[in-house]
Amino acid sequence: MVVVMKPQASEDQKEHVRETIRAFGCKPRDIQGDEITIICLIGNTLSLEPEQFEILDGVDRVQRIQRPYKLVSREVQPHKTRFQVGNVTIGGDGITIIAGPCSVESYDQFVEAARHARAAGAHIIRGGAFKPRTSPYSFQGLGEEGLKIMARVSEETGLPTISEVMEPEMEPMVSEYVDMLQVGARNMQNYPLLNAVGQSSRPVMLKRGMSATIEEMLLAAEYILAGGNHNVVLCERGIRTFETWTRNTLDISAVPVLQKYTHLPVFIDPSHGTGNADFVGPASRAAVAVGADGLMIEMHPRPERALSDGDQSLTPEAFASLIPELQSVATAVNRTID
Ligand code: PEP
Ligand code: MN
C-alpha cells in the first residue's frame with residue numbers, strides 16, 4: 001500500500017502519516033518526486049484499509065500495490081530513477097559506459113586500463129578486488145590492496161569507480177574506497193548482503209543471478225530499496241540456458257520487460273553475457289538499440305595475459321572503436337553517449 005500526498009502537503013502532515021503507519025506496525029519509506037511525496041508502507045498491510053489513511057490531512061489518495069514488489073515498481077514511482085555517481089548521471093537520457101578489467105591486477109595494469117577507458121569516452125571504471133571465482137584455485141583478487149589502487153587511479157583520472165562487495169561485513173570497507181558497489185550474479189539472493197548494501201550511502205549495481213527470473217531480480221532489488229538505498233541499477237549479464245557456444249545467454253528482452261515494470265535504470269553486461277570478445281561489440285550495439293541505460297564492458301590492456309576473463313575482454317583499441325558505433329546506434333534511438 002502507498003500513500004500519495006498532495007503536492008502542497010506540509011512536513012507535519014507527512015510526519016503524521018508516517019506516525020500512523022508506525023502505529024499500525026509497518027515502516028514508512030518516502031519516495032520523493034519532483035512535486036509529490038509518496039509514502040510506502042513496508043510490512044504486512046493485508047489487515048489495513050485505505051480509508052484509515054485517506055482521512056488524514058494532506059493525503060491525496062491511497063493505492064494498494066498488487067505486485068509482490070513495491071518500492072521498485074513503476075506503479076509506485078512512474079518516473080525513472082536518476083542519480084549521480086561522482087559527476088556521472090545514471091538514469092538520464094545519456095547512456096552510461098562502465099569499462100575496465102575483470103580484476104585489478106596491479107597499479108600499472110589498472111591505471112593503463114583506466115587511461116584507455118577515459119580516452120575512449122567511458123564514464124566509470126570497473127575492476128574486481130574481491131573476486132567470486134568458480135574454482136578456489138583461480139586468482140581471487142588483490143583484496144583491499146586492489147581497492148586502494150582503484151581509489152588512487154580514480155583520483156588520478158577523475159573517473160568514479162565500481163567494485164564488487166561479496167560479504168555484508170565488508171560493505172563499509174569497500175564503500176570507503178569506491179563510488180559504487182556491485183552485487184555479483186552469484187550473490188543476487190544473498191539477503192544479508194542485500195540488507196547491508198541497502199544501508200549503504202553508495203549506489204548499487206545489482207547483477208542478475210544466472211538462474212534468476214526477472215521477478216526474483218526485482219524482489220532482490222526491493223530488499224535494497226527497503227533498506228533505504230534507492231540508488232540502484234539492475235544489470236542483465238546473461239542467464240544459464242542449454243546453449244554452450246556462449247558463456248551465458250544474454251537476455252536482451254530483459255531490458256524492455258524490466259523497464260516496463262520498474263523505474264530503476266537497466267544496464268547490460270555484454271562481456272559476461274557472451275563470454276567472448278568477438279561477440280561483445282554486436283551485443284553492445286544490441287543493448288543500446290533495445291534501450292539499455294548503460295553498459296558494463298570488460299577491457300584489459302593485454303587480454304591474453306589477464307588473470308580473469310581474458311577471453312571476453314576487449315583490447316583498448318577494440319573498445320575505442322566500439323564507442324562511436326554505440327553513439328550511432330544511440331542517435332537512432334534518441335539517446336546520447338557523451
Ligand atoms: C564481474 O563483473 O566481474 C562478475 C564477476 O560478474 P557476474 O557477477 O555477473 O558473474
Ligand atoms: Mn569478469
Side-chain angles (χ1 to χ4, degrees), residues 96-105 109-110 113 117 122 124-136 138-143 146-147 149-150 161-167 170 174 178-190 193-194 197 203-212 214 216-217 220-221 224 232-241 246-252 254-255 258 266-277 279-280 283-284 287 292 294-315 319:
T96 308
I97 307 289
I98 303 175
C102 180
S103 300
V104 179
E105 298 169 8
Q109 171 251 17
F110 194 67
I124 297 175
I125 40 176
R126 64 147 287 149
F130 294 93
K131 295 300 302 174
R133 304 305 302 280
T134 303
S135 163
S138 302
F139 177 59
Q140 303 285 311
L142 296 181
L147 296 176
I149 291 171
M150 292 187 82
T161 52
I162 179 168
S163 197
E164 179 161 354
V165 54
M166 292 208 299
E167 293 174 50
M170 284 197 184
V174 180
V178 298
D179 301 290
M180 188 167 182
L181 303 172
Q182 176 173 322
V183 173
R186 291 157 190 80
N187 274 317
M188 191 203 81
Q189 287 178 305
N190 178 340
L193 181 63
L194 298 176
V197 299
V204 176
M205 171 183 281
L206 177 67
K207 298 191 82 177
R208 183 177 184 177
M210 41 192 104
S211 301
I214 284 176
E216 286 164 345
M217 188 185 199
I224 305 176
V232 175
V233 161
L234 303 175
C235 183
E236 161 61 39
R237 46 75 77 204
I239 49 176
R240 184 158 284 185
T241 68
T246 45
R247 179 177 177 181
N248 293 289
T249 297
L250 184 62
D251 182 6
I252 279 283
V255 177
L258 284 166
V266 182
F267 280 35
I268 285 268
D269 169 351
S271 309
H272 295 85
T274 62
N276 184 323
F279 309 139
V280 169
S284 301
L295 279 87
M296 183 159 80
I297 301 175
E298 286 187 339
M299 181 262 276
H300 192 287
R302 280 163 293 280
E304 68 288 354
R305 285 200 230 154
L307 296 183
S308 60
D309 287 350
D311 289 349
Q312 66 193 36
S313 298
L314 295 185
T315 60
F319 177 72

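Ligands are counted one by one from 1 in listed order, and the atoms in each one are counted from 1 as well.
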### Task
Quick one: closest heavy-atom pair of Leu206 and Met217, and the distance?
O-CE, 3.6 Å
### Query
With a cut-off of 4.0 Å, which atoms of ligand 1 are near a heavy atom of Gly184?
8 (O)
### Task
Identify, with sequence neighbours excluded, every residue that meets side chain to side chain contact (heavy atoms under 4.5 Å, CB included) alongside Asn187.
Glu164, Met166, Val183, Asn190, Leu193
### Query
Mind checking whether Gln312 and Thr274 have side chains closer than 4.5 Å, heavy atoms only?
no
### Query
Excluding waters, which protein N, O or S atoms are within less than 2.8 Å of the Mn ion (ligand 2)?
Cys102 SG, His272 NE2, Glu298 OE2, Asp309 OD2
### Message
Check this for me: does any side-chain nitrogen of one of Asp309 and Lys131 sit under 4.0 Å from a carboxylate oxygen of the other?
### Response
no
### Message
Please work out, at 4.0 Å between heavy atoms, whether the side chain, the backbone, both, or neither of Met210 comes within that distance of ligand 1.
### Response
neither
### Element-labelled atoms of ligand 1 that are located less than 4.0 Å from some non-hydrogen atom of Glu298
3 (O)
#### Entry: Heavy atom of Gln182, distance to ligand 1 below 4.0 Å
yes
#### Entry: Arg237 N/O to ligand 1 N/O under 3.5 Å
yes
### Any N/O pair Glu164/ligand 1 closer than 3.5 Å
no
### Query
Under a 4.5 Å cut-off applied to non-hydrogen side-chain atoms, are Val178 and Leu181 in contact?
yes
### Message
Tell me the protein heavy atom at minimum distance from atom 6 (O) of ligand 1, and give that distance in Å.
### Response
Lys207 NZ, 2.9 Å
### Message
If I apply the N/O under 3.5 Å rule, does Cys102 come out as touching ligand 1?
### Response
no
### Message
Are any of the N/O atoms on Lys131, whether in the backbone or the side chain, positioned under 3.5 angstrom from an N/O atom of ligand 1?
### Response
yes
### Message
With heavy-atom distances below 4.5 Å as the criterion, would you say the side chains of Met205 and Val232 are in contact?
### Response
no
### Task
Within a distance under 4.0 Å of any heavy atom of Ala185, pick out the atoms of ligand 1 and give their elements.
7 (P), 8 (O), 9 (O)
### Query
Should we count CZ of Arg240 as having more than 12 external heavy atoms under 6.0 Å?
no
